[in-house]
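Working notes, structure below.
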There are 2 protein chains.
Amino acid sequence: MAKNKNTEQKIFDAATELFVEKGVDRTSVRDIASKAGINLALMNYYFRSKENLFDAIFTNLVQKNTKDLIQILDSDLALPEKIRKYVSAYIDILIDNPLLVSFFMAILHRSREKITEMEVVSNLYGREIFTQQIIEEGKKGNIRKTDPSHFFVDMISMITFPFAIKPLIKHKNELSEEEFNAFIEERKTTIPEMLLKTLQPCE
Amino acid sequence: MAKNKNTEQKIFDAATELFVEKGVDRTSVRDIASKAGINLALMNYYFRSKENLFDAIFTNLVQKNTKDLIQILDSDLALPEKIRKYVSAYIDILIDNPLLVSFFMAILHRSREKITEMEVVSNLYGREIFTQQIIEEGKKGNIRKTDPSHFFVDMISMITFPFAIKPLIKHKNELSEEEFNAFIEERKTTIPEMLLKTLQPCE
DNA sequence: GTCTATACGGCGATAGAC
DNA sequence: GTCTATCGCCGTATAGAC
């Protein structure tokens, strides 16, 4: 467990990078070994199989990237502030890891059933406190009740999806990498504005 | 070209189904041949390679499914009515082909550069007339100008993304297939409402 | 046009020496 | 723990008979 750490980690990191960049199916164990600077057999010594390695990487990626977000949703912040923080933090994560979204989408398509069984994925959805806050806030202003399920889906859709179609957005709007990020940066204010407006009494 | 049609079409249809269902990388040419009820060699006689076959299928899929949508965007309907029709038509397409979205997302991850070069994909984004309408409508009511880029991204995000995470939504809300479709059906009214609200003077 | 047969290379995985 | 060598398998592509 002492010396292992280094090699095991090297394999893990190399595989993570390749999986996210090229996709799981298009990454061979030989690629991984080569990138990690070790031998093919080592890869099977530490992780019994490629699928095993993938499971470990996927779980780790989800955990690492959703921890802060869940904390925000579960905090006792007032709803407007909470939404602004959540959107901003979420977008920051995706700016730092632009391939993460399309990787997750590819995975979702690759193994539809498997993914819902993973507790770590399931956890980021439908947090109790946040759900309650939306219901409360909606009651105040609106005749029609606000459905928290739709609200949450709207929110994560508007945050996440643009990254999935990043190449299209860049191409059609003729944006550089920096300009795309600026476009996304704007959404940190437009998305919360839009969401909060739907909760307000109006017209 | 007479007798071909049948066999070529059989291959094309079998491959389409498998690609969308299992993903391109996890579909073998032997799978396709088997499903089409023909021999492996035939598959190479009609389409030079798997990648070739994929290109044909992908182009066809996009064309078939975006034709009506583009027509709506380019029509002379008033904005509210246009948005309602667009959202409804788009959702109907995705209800009929629930795997389409995650398939496209997987492809986008698989070949990022290639996809923007395909005219057929590029075409569905940023239609002139629709863009103008949003600018005009936004001027009327809002102090802050409405950015049509964000508006369009918001719209397709809210329509499309829920299908990409369909397994998660079903699982967390404990929905059957019918209940999921009902949930989505509700969005035909909630999404246009939300979008139109952002264009209105308010608060 | 459709078939059988097969060459070829890359894949994931393992046995066994050190 | 780390390596070399190799297994059996599968996907792609082609040659050649009918």
Side-chain angles (χ1 to χ4, degrees), chain A residues 1-61 103 106-107 109-111 113-115 118, chain B residues 1-61 99 103 106-107 109-111 114:
Chain A
M1 273 287 190
K3 252 186 166 176
N4 305 13
K5 199 80 190 255
N6 213 343
T7 301
E8 191 173 351
Q9 197 61 42
K10 267 197 274 182
I11 298 171
F12 193 91
D13 292 343
T16 302
E17 226 174 292
L18 287 170
F19 282 172
V20 171
E21 192 188 309
K22 304 203 304 174
V24 181
D25 291 320
R26 294 173 93 81
T27 300
S28 72
V29 288
R30 284 172 172 81
D31 285 344
I32 298 169
S34 161
K35 176 149 198 163
I38 53 97
N39 191 275
L40 213 183
L42 263 289
M43 136 90 219
N44 227 271
Y45 172 79
Y46 286 103
F47 306 88
R48 288 170 30 108
S49 70
K50 183 185 174 183
E51 200 61 21
N52 232 289
L53 175 56
F54 164 73
D55 285 350
I57 288 176
F58 189 76
T59 302
N60 173 267
L61 271 178
F103 171 71
I107 294 308
H109 184 239
R110 175 192 149 95
S111 53
E113 268 76 52
K114 191 176 170 184
I115 232 129
M118 293 175 138
Chain B
M1 272 285 188
K3 253 185 167 179
N4 305 12
K5 199 77 191 256
N6 214 343
T7 301
E8 190 174 353
Q9 197 62 41
K10 267 197 274 183
I11 298 171
F12 194 91
D13 292 343
T16 301
E17 225 173 295
L18 288 169
F19 281 172
V20 171
E21 193 191 330
K22 305 202 306 172
V24 182
D25 291 320
R26 296 173 92 82
T27 300
S28 73
V29 288
R30 276 172 232 264
D31 285 344
I32 298 169
S34 162
K35 176 147 198 166
I38 52 99
N39 191 276
L40 215 185
L42 262 290
M43 140 88 220
N44 225 270
Y45 172 79
Y46 285 104
F47 306 89
R48 286 170 28 111
S49 71
K50 184 184 173 185
E51 198 63 20
N52 232 290
L53 175 57
F54 164 73
D55 285 350
I57 288 175
F58 189 77
T59 302
N60 172 267
L61 230 42
L99 290 178
F103 171 72
I107 294 308
H109 184 239
R110 174 192 149 96
S111 53
K114 191 175 169 184

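Sequence lines set the chain letters: A, B, ... in the order given, protein chains first and strands last, and positions in each chain run from 1.
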Fill in: Gap between atoms CZ and C1', on B:Arg26 and C:dG12 respectively (whole Å)
13 Å
Fill in: Approximate separation, where rounding is to 0.5 Å, of A:Leu53 CG and A:Met43 CE
5.0 Å
Worksheet item: Any side-chain N or O of A:Thr7 less than 4.0 Å from the OP1 or OP2 oxygen of D:dG1?
Response: no
Worksheet item: Side chains of B:Lys114 and B:Ile107: does their closest heavy-atom pair fall under 4.5 Å?
Response: no
Worksheet item: What stem regions, each of at least 3 consecutive Watson-Crick or G-U pairs below 3.5 Å, can be found for DNA chain C?
Response: C:1-18 with D:1-18
Between the protein and nucleotides 14-18 of chain C, are there any N/O to N/O pairs under 3.5 Å, and if so, what are the atom names and distances?
from: C:dT14; atom 1: OP2; to: A:Asn44; atom 2: OD1; distance (Å): 3.0

Discussion item. If I compare all heavy atoms of A:Phe19 with all of A:Val24, which pair ends up nearest, and what's the gap?
Written reply: CD2-CA, 3.8 Å
Worksheet item: Looking at CG of B:Leu42 and CD1 of B:Ile32, how far apart are the two atoms once the value is rounded to the nearest 0.5 Å?
Response: 13.0 Å
Item to complete: Decide side chain to side chain contact (heavy atoms under 4.5 Å, CB included) for A:Phe12 and A:Phe47; before the verdict, give the C-alpha distance in whole Å, the side-chain angles of both, and the deciding distance to 0.1 Å.
Response: CA-CA 9 Å; A:Phe12 193 91; A:Phe47 306 88; 4.2 Å; yes
Worksheet item: At under 4.0 Å, does any side-chain N or O of B:Ser28 touch on OP1 or OP2 of D:dT12?
Response: no
Worksheet entry | Rounded interatomic separation in angstrom, taking CG from B:Leu53 and P from D:dT12 | 10 Å
Item to complete: Answer yes or no: is there a side-chain heavy-atom contact under 4.5 Å between A:Asn60 and A:Thr16?
Response: no
Worksheet item: Of the non-hydrogen atoms in B:Leu18 and B:Thr27, which two are nearest, and what is the gap between them?
Response: O-OG1, 3.3 Å
Practice prompt. Report the nucleotide, chosen from C:dC11, C:dC3, D:dT12, that has the shortest atom-to-atom distance to any side-chain atom of A:Arg30.
Written response: C:dC11
Item to complete: Would you mind reading off the distance between B:Leu42 atom CG and C:dT2 atom P, rounded to a whole angstrom?
Response: 5 Å
Worksheet item: Expressed in angstrom and rounded to an integer, what is the separation of B:Asp31 atom CG from D:dG11 atom P?
Response: 6 Å
Worksheet, complete the sentence: In whole angstroms, the gap separating C1' of C:dC3 from CE of B:Met43 amounts to 16 Å
Worksheet item: What orientation do A:Phe103 and A:Phe54 show, parallel under 30°, tilted 30 to 60°, or perpendicular over 60°?
Response: perpendicular
Worksheet item: Can you tell me how far C1' of C:dC11 sits from CD of A:Glu51, to the nearest Å?
Response: 14 Å
Worksheet item: Would you say A:Ser34's side chain and A:Arg30's backbone share a donor-acceptor pair under 3.5 angstrom?
Response: no
Discussion item. Please report the distance, rounded to the nearest Å, between CG in B:Asn52 and C1' in D:dT14.
Written reply: 16 Å
Item to complete: Describe the nucleic acid contact of B:Thr27 in one word from base, sugar-phosphate, nothing, applying a heavy-atom distance below 4.0 Å.
Response: nothing
Item to complete: Using atom OH of B:Tyr46 as one end and atom P of D:dA13 as the other, report the distance to the nearest whole Å.
Response: 18 Å
